[in-house]
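Start at 1 and go down the list; that is how both ligands and their atoms are numbered.
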Amino acid sequence: MRHVVVISTGGTIASRWQGDGYAAEAAGQEVLAAGAVPESVDVTVVDLFTVNSSRLTTDHQLRLLHTVHEVLADPSVDGVVVTHGTDTLEESAFFLDLFHRDRRPVVFTGAQRPLDAEDGDAAGNLYDALLTAATGRDIGAVIVFAGQVFAARGTVKKHTVDARAFGDPDGLPLGRVEFGRVSWGRRRSRPAALPLPAPRAAAPRVDILMHHSDGDAVLLDASLAAGARGVVVVGTGAGNANPQVAGSVARATADGVLVAVSTRVAAGAVAPLYTGGGAVDLAAAGALLAGTLRPGQARIAVLAALLAAGAPGADGADAAQILRGILEAAPQALPVSELYLIDRVGK
Ligand code: ASP
């Protein structure tokens with residue numbers, strides 16, 4: 001038998017109708033009872049919290065991170081499944097992936113239809129997640145949904161209600177779960193894990209600000225005034241904004257605030273192509289370009305870098321250096337200089 005620990009955190013997979021809308025209320029055992037457990041797997045359930053994932057905080061994510069590490073301290077555990085709301089699942093999964101140093105996986109899953117739906121997707125997703133957790137090795141944190149296994153990094157919620165909720169706009173799934181077995185594609189190398197933050201580490205404020213036509217730096221300045229230690233500027237196109245935003249970014253980085261640039265476009269990497277407030281100027285102002293990470297995961301990269309720099313034993317570590325390492329570790333992200341050269345071909 002393989003032993004899998006299921007950590008229940010809420011989400012639609014644990015939700016029922018409340019009279020005026022759905023909310024998470026079921027305990028992990030009830031979620032598990034919605035479907036079958038693979039024959040070769042036995043399960044222990046940990047009820048960590050019962051929230052819809054748009055309400056999660058960094059403190060919740062730190063508790064989840066430490067609970068997974070505690071569970072994996074037991075050598076009889078073969079893998080971990082986390083049931084989670086789909087809204088911010090890609091954030092928690094990437095957060096745990098960045099700190100994951102164990103060969104055994106942590107498999108995130110959830111559902112798009114509530115636990116009490118007759119045509120629900122909870123049972124199938126949980127079954128596939130249990131199989132993946134029991135058998136997968138050296139895959140870090142992954143997302144199992146609608147018969148596919150995705151690396152946490154790069155995967156986003158791509159549809160509000162469709163059962164095929166997740167995908168990587170710039171990459172392929174790691175594997176598939178069909179007919180009770182997991183088949184794997186090409187292995188991917190994994191970067192070294194970041195130093196683990198203290199269980200009760202103070203959570204730094206990290207904000208996301210989206211640029212748009214007629215945009216200015218008012219919200220970015222407000223975020224800095226509110227004490228943000230990190231900011232993600234979600235640029236237009238390949239990561240562009242305007243001179244006001246570039247000026248505010250320069251002031252932020254001069255104050256030691258970490259700034260990353262992502263894009264509001266659904267696929268493709270940000271690249272230093274345009275000046276006049278574009279990604280060329282944001283990078284010159286000290287912002288780091290987040291490759292193909294979409295905004296929610298770019299924010300997690302900044303948050304993780306700040307927490308890792310303050311982790312026990314990481315004294316003197318430079319958060320900007322750690323963030324650079326995270327961003328450059330993306331298998332699909334070309335180094336910025338190469339993107340630049342590709343753009344210059346023929347000139
Ligand atoms: N609102 C839910 C949540 O993220 C959505 C879901 O789980 O599918 O908790």
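- Shortest contact from atom 6 (C) of ligand 1 to any protein heavy atom: Thr12 OG1, 2.7 Å.
- Checking only distances, Ser53 does come within under 3.5 Å of ligand 1, N or O to N or O.
- Among the atoms of Thr86, some N or O lies under 3.5 angstrom from an N or O of ligand 1.
- In this structure, Phe95 and Phe99 have perpendicular ring planes: the angle between them is above 60°, well past the 30° mark.
- The shortest N/O to N/O separation between His84 and ligand 1 does not fall below 3.5 Å.
- Close approach to Gly11 involves these atoms of ligand 1, each under 4.0 Å from a residue heavy atom: 7 (O), 9 (O).
- Grouping the Ile, Leu, Val, Met, Phe, Trp and Tyr side chains by contacts below 4.5 angstrom, directly or via other members, places Phe49 with Val106.
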(message) For Phe150 and Phe166: C-alpha separation, side-chain torsions, deciding distance, then whether ring pair (Phe, Tyr, Trp, His ring centres under 6.0 Å) applies.
(response) CA-CA 8 Å; Phe150 296 98; Phe166 287 90; 7.6 Å; no
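- Residue Ile13 has no N or O atom closer than 3.5 Å to an N or O atom of ligand 1.
- Proximity of Ala111 to ligand 1 is established by a heavy-atom distance of less than 4.0 Å.
- Here Val107 is tied into one hydrophobic group with Val4, Val6, Ile13, Val31, Leu32, Val37, Val41, Val43, Val45, Val81, Leu115, Leu126, Tyr127, Leu130, Leu131, Ile139, Val142, Val144, Val149, Leu174, Val177, Val182, Trp184, each link being a pair of ILVMFWY side chains closer than 4.5 Å.
- Interface of Gln112 with ligand 1, defined as ligand atoms under 4.0 Å from a residue heavy atom, comprises 8 (O).
- Residue Leu89 is grouped with residue Leu96 when hydrophobic side chains (ILVMFWY) are merged at heavy-atom distances under 4.5 angstrom, including chains of intermediate members.
- Using a 4.5 Å cut-off on side-chain heavy atoms (C-beta onward), Leu65 and Pro197 make contact.
- A donor-acceptor pair under 3.5 Å links the side-chain atoms of Ser15 to the main chain of Gly11, judged by distance alone.
- Remark: ligand 1 and Asp87 share an N or O pair separated by less than 3.5 Å (distance only, no angle test).
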